[in-house]
Amino acid sequence: MATAKPLEDEVVLDKNVLQRHKKPVCLIVLGMAGSGKTTFVQQLTSRLHARKQPPYVINLDPACREVPYPVNIDIRDTVNYKEVMKQYSLGPNGGIVTSLNLFATKFDQVIKLVEKRSTNTDIAIFDTPGQIEVFTWSASGTIITETLAALFPTVVVYVIDTVRSVSPVTFMSNMLYACSILYKLRLPFIVVMNKIDVVRHDYAMEWMTDFDAFELALSSDSSYNANLSRSLSLTLDEFYKDLTAVGFSAVTGEGFDEFLAAVDAAVVEYETDYCPEHERLQKLNAEAHLKEKSRQRNRFDADFQEEKGSLGISTRRHLSHTSEILLRNRAEDDKIAHKSFRNFMEEQKKKQQSKSNSASS
Ligand SMILES: Nc1nc2c(ncn2[C@@H]2O[C@H](COP(=O)(O)OP(=O)(O)O)[C@@H](O)[C@H]2O)c(=O)[nH]1
Ligand SMILES: [Mg+2]
């Protein structure tokens, strides 16, 4: 099996670019179950260790049996997935989501730990649960991703299984998923075509750049799925144009340097595109918040003025009402007061009488 030999210049370039960032680059590794996320993290970790650039590795999969790489933070140390399932009577996916939710409540501590390592770590890698939707469409997944993206250069690494994607229809559904995540997160995105030691990724690269080639692959299929994939391929053209895809083997490590170069480019994209956009959105949010505040203040002032203007009528109505109630109450109070005064006087009388009776006897 071929292993790509790093060119000396490339190594120096990668190191320089990575070292330029004071904050570690966060790589969020996503992909369908079995696409090779964990093996990819393992390969990346061992290669970075060999380069004396040890990454900070975080496992976010509470259901995995073992973690085959040196892990710095493991969700399983914080949350017991099986206990969560038992305690809340949940199935496997519900258990993972709830475990992730519980972990997300402590994510500020993870951030602090990653921040602490800023001086001697260039890359922080996040391995995610097997089932992709558990992370991408859960509240905790979004919180984790957005928190990281707000604080560190963050890149989404989408792992695709090239062996399982040779069917154009499967390939299309995988790319649609990638597209939906890209537009949901709007973060720099790298597609890792994994398992190229088994099936090369050239077919996928060709399908992404040449519509005719994709159509040809579908020519023998006239099913609804195939027709849909054909139309979608044209629609995804824009998405393909800006997409960075690299071939990789998580087993042999082939494609490692190309991947690192893609990370560098993604970090530049984060700084030039994501950060200004994030700041713009934050500014818009702040402006909208201020606008809403002043709108509410104006409304309050207007209501107050209106109330003041109509004070004569409304207050009179209000006053007549109030005074009526007060009067009635006062009458009631008076009645009670009179009654208790009478009682008091009678009691006093009785006391005096009993005193004089006892004195005369
Ligand atoms: N041949 C080959 N097998 C791989 C590669 N990457 C992962 N695998 C295998 O694919 C299976 C699933 O990998 P895993 O990393 O657990 O996938 P995950 O569910 O996405 O984390 C395992 O049996 C791996 O050994 C690769 O690049 N080449
Ligand atoms: Mg895994």
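The chain is numbered in sequence order, starting from 1. Whatever order the structure lists ligands and atoms in, that order sets their numbers, starting from 1. Only heavy atoms go into these numbers, but all of them, side chains included; no hydrogens, no water, no symmetry mates.
- Between M175 and W207 there is no side-chain heavy-atom pair separated by less than 4.5 Å.
- Here the protein heavy atom with the shortest distance to atom 13 (O) of ligand 1 is T39 OG1, 3.4 Å.
- Residues D221 and S223 bring a donor and an acceptor atom of their side chains to less than 3.5 Å of each other.
- Checking K37, R164, K195 against atom 5 (C) of ligand 1, the nearest heavy atom belongs to K195.
- Of all protein heavy atoms, the one closest to atom 17 (O) of ligand 1 is G36 N, 3.2 Å.
- Scanning the protein heavy atoms around atom 28 (N) of ligand 1, the nearest turns out to be D197 OD1, 2.8 Å.
- With a heavy-atom cut-off of 4.0 Å, V251 touches ligand 1 through backbone and side chain alike.
- The closest protein non-hydrogen atom to atom 27 (O) of ligand 1 is A250 N, 2.8 Å.
- Within the 2.8 Å limit, T38 places at least one N, O or S atom next to the Mg ion (ligand 2).
- Scanning the protein heavy atoms around atom 6 (N) of ligand 1, the nearest turns out to be N194 ND2, 3.2 Å.
- Under 4.0 angstrom from ligand 1, there are no non-hydrogen atoms of Q42.
- One side chain, R230 or N227, offers a donor N or O that lies under 3.5 Å from an acceptor on the other.
- Atom 22 (C) of ligand 1 is never approached by the protein to below 4.0 angstrom, counting heavy atoms only.
- The shortest side-chain heavy-atom distance between L236 and M172 falls under the 4.5 Å cut-off.
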